[in-house]
Amino acid sequence: MPVLVMKFGGTSVANLDRIKRAAKRVGVEVAKGYDVIVIVSAMSGKTNELVGWVQEISPFYDAREYDAVVSSGENVTAGLMALTLQEMDVPARSWQGWQVPLITNSAHSSARIEDIPPANITAKFAEGMKVAVVAGFQGISPEGRITTLGRGGSDTTAVAFAAAFNAERCDIYTDVDGVYTTDPRVSPKARKLDKIAFEEMLELASLGAKVLQTRSVELAMRYNVKLRVLSSFEEPTDTAGTLVCDEELIMESKAVSGIAFSRDEAKLTLVTIEDRPGIAAAIFGPLADAGVNVDMIVQNVSETNYQGHAGGVTDMTFSCPIDQMKRAEKALNDAREAGLIKFDRLEADTEVAKVSVVGIGMRSHAGVAARMFKTLSDEGINIKIIATSEIKISVLIDRKYMELAVQALHDAFELEKSA
């Protein structure tokens, strides 16, 4: 039988009524002739509750015990979903990560999947099981301990199972009915996309769009897994949702497919550093060791004279997630005390946001950057940092202008219109 993977997020299994609703969708696919692997998240809010309990008992917790606690939410949902399907006379059973087994490395709370041997589940399908309900977000380490894949890890679980079982498709059920050109709450003109390329979705996910976890899109692109994002609250159709697929399946692309944004950014500037070979490594090495995710970087000529140094001087500016700013400041100050780098002062700006335009069509359309910058200029929005890749342009701006920038760019690139 062909295999279909269906993943239900926390809002889709938030209570017993929603679990029953999700189970009916699974039953429809079983009736079509599929063997179905269902990946479930914890019921909405449960993981946050479990994390809170861990932090309340042990602020500096053992990550192995953290995983043992927070993985339990998915176990509950898997069991309830399997029971619901059995009540519908659909042969189903639940599977925890260690039972599959979903084998990961030993990086507790942020583990990576290393292997999913299909033999155990395939054998049960051969015996007449129609649905394997798998607890998402969890696996087992080489030491035999429960591991978790990081927040949003059930998306990654689903794509990994689709790849391991050569599934026809992986359907991600969530509380939105697809991928939009931008967040409809920010721009009422946002349009749902019928299809989007893996690369575009990867950029949008990494730049702030929260529809899919970044690692899940990376896996889908690597193994060419067809992903469909659709709502668990609307009636399913063959054309529902958004298909995330290979670029070749998209006949014609506009220059820009979507606008992504992130409010939670910070900008840090090292004022007056030595302009010499190796200075960037001396700065960003300690940041990497401290686990700071540096994004946009600008090096410029400083107007300040650096006393006591014969060579040139410069300033270095970069952005990072706002919740990593304190860690970044500590890493840089520690590096200065250790004599690894010298700088006059460290300036922090927490009132910034990142706005990005994304589209595979940018490869063949000129003038995207010019239109973007002119649009922002016409709205009186100053750009602090610019970063580009082949299919995206990102700018850092004052946070108070973020929604204005998104709306203006959405209009400028006419994203409310289909290609």
Side-chain angles (χ1 to χ4, degrees), residues 1-44 46 71 73-102 113 116 118 120-125 127-139 149 152-175 212-213 216 219-220 225-233 236 240-241:
M1 294 291 183
V3 174
L4 181 69
V5 175
M6 304 173 72
K7 182 263 178 178
F8 293 95
T11 55
S12 302
V13 291
N15 52 47
L16 294 182
D17 284 340
R18 291 188 181 177
I19 289 174
K20 291 175 182 177
R21 188 187 185 104
K24 288 180 181 177
R25 292 182 182 274
V26 177
V28 169
E29 300 301 340
V30 170
K32 292 178 182 177
Y34 287 106
D35 285 337
V36 182
I37 298 174
V38 175
I39 310 296
V40 291
S41 297
M43 298 165 80
S44 183
K46 290 299 180 183
S71 64
E74 280 72 16
N75 297 343
V76 172
T77 313
L80 291 172
M81 176 68 79
L83 286 170
T84 304
L85 288 163
Q86 289 170 11
E87 288 296 308
M88 296 165 51
D89 294 325
V90 176
R93 64 155 283 190
S94 64
W95 298 75
Q96 297 178 17
W98 65 270
Q99 294 172 305
V100 174
L102 189 152
I113 299 170
I116 303 178
N120 287 344
I121 288 180
T122 300
K124 289 298 181 183
F125 279 141
E127 293 173 10
M129 179 186 72
K130 297 304 297 179
V131 181
V133 185
V134 179
F137 174 62
Q138 62 176 251
L149 309 181
S154 293
D155 286 347
T156 302
T157 304
V159 174
F161 269 86
F165 286 81
N166 195 27
E168 187 173 301
R169 194 178 65 248
C170 178
D171 287 346
I172 306 288
Y173 286 88
T174 180
D175 55 358
L212 289 170
Q213 191 203 42
S216 70
L219 268 180
V225 172
K226 286 184 180 179
L227 273 176
R228 189 169 62 154
V229 179
L230 63 171
S231 171
S232 59
F233 305 107

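- The two residues Ala160 and Ile116 have their closest heavy-atom pair at CB-CD1, 3.6 Å.
- Shown here are the salt bridge (charged side-chain N to carboxylate O under 4.0 Å, His left out) partners of Lys226, two or more places apart in sequence or in another chain: there are none.
- Two residues are said to be in side-chain contact when any heavy atoms from C-beta on lie closer than 4.5 Å; Val225 and Leu219 fail this criterion.
- Atom CD of Gln99 sits about 5.0 Å away from atom CZ of Arg93, to the nearest 0.5 Å.
- Closest approach of Val5 to Ala167, counting heavy atoms only: CG2-CB, 3.9 Å.
- Val26 is not listed as a side-chain neighbour of Glu29, based on a closest heavy-atom distance of 4.5 Å or more.
- In this structure, CG on Leu102 lies 5.0 Å from CZ on Phe161, to the nearest 0.5 angstrom.
- Pairing each heavy atom of Ala240 with each of Leu230, the nearest pair is CB-CD1, 4.4 Å.
- The closest side-chain heavy-atom distance from Ile113 to Thr156 is below 4.5 Å.
- At least one donor-acceptor pair under 3.5 Å links the side chain of Asp155 to the backbone N or O of Gln213.
- Shortest non-hydrogen contact noted between Val159 and Ala220 is CG1-N, 3.4 Å.
- Separation of atoms OG1 (Thr157) and CG (Leu149) is listed at 4.5 Å; rounding is to 0.5 Å.
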Begin from the C-alpha positions of Leu4 and Arg169 and carry the test side-chain contact (heavy atoms from CB on, under 4.5 Å) through to its verdict.
CA-CA 6 Å; Leu4 181 69; Arg169 194 178 65 248; 3.8 Å; yes
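- Each of Asn15, Ile19, Leu85 was evaluated against Leu80; a single residue qualifies, Ile19, per the side-chain contact (heavy atoms from CB on, under 4.5 Å) test.
- For Glu87, the CD atom sits in a loose shell: 12 or fewer heavy atoms of surrounding residues, nucleotides or ligands are nearer than 6.0 Å.
- Arg25 places a side-chain N or O within 3.5 Å of a backbone atom of Ser232 that can act as its donor or acceptor partner.
- Without hydrogens or angle criteria, Glu74 side chain to Val40 main chain gives no donor-acceptor distance under 3.5 Å.
- Side-chain atoms of Asp35 do not come within 3.5 Å of backbone N or O of Val3 as any donor-acceptor pair.
- Heavy atoms only, all atoms of each residue included: Gly128 and Pro91 are closest at O-CB, 3.5 Å.
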Begin from the C-alpha positions of Val28 and Lys32 and carry the test side-chain contact (heavy atoms from CB on, under 4.5 Å) through to its verdict.
CA-CA 7 Å; Val28 169; Lys32 292 178 182 177; 4.0 Å; yes
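- Side-chain contact between Ile39 and Phe8 is absent, with no heavy-atom pair separated by less than 4.5 Å.
- Considering only heavy atoms from C-beta on, Ser12 stays 4.5 Å or farther from Lys7 through its side chain.
- Put simply, the side chain of Gln138 gets close to the backbone of Ser71: a donor and an acceptor are under 3.5 Å apart.
- Atom CH2 in Trp95 sits 6.5 Å away from atom NZ in Lys124 (nearest 0.5 Å).
- A distance of 11.5 Å separates CZ of Arg21 from OH of Tyr173, quoted to the nearest 0.5 Å.
- Under the 3.5 Å distance criterion, the side-chain polar atoms of Thr77 are matched with a main-chain donor or acceptor of Gly73.
- In this structure a side-chain-to-backbone donor-acceptor pair under 3.5 Å is missing from Ser216 to Leu212.
- The nearest pair of heavy atoms linking Met6 to Val36 is SD-CG1, 3.7 Å.
- A heavy-atom distance below 4.5 Å is found between the side chains of Met1 and Lys130.
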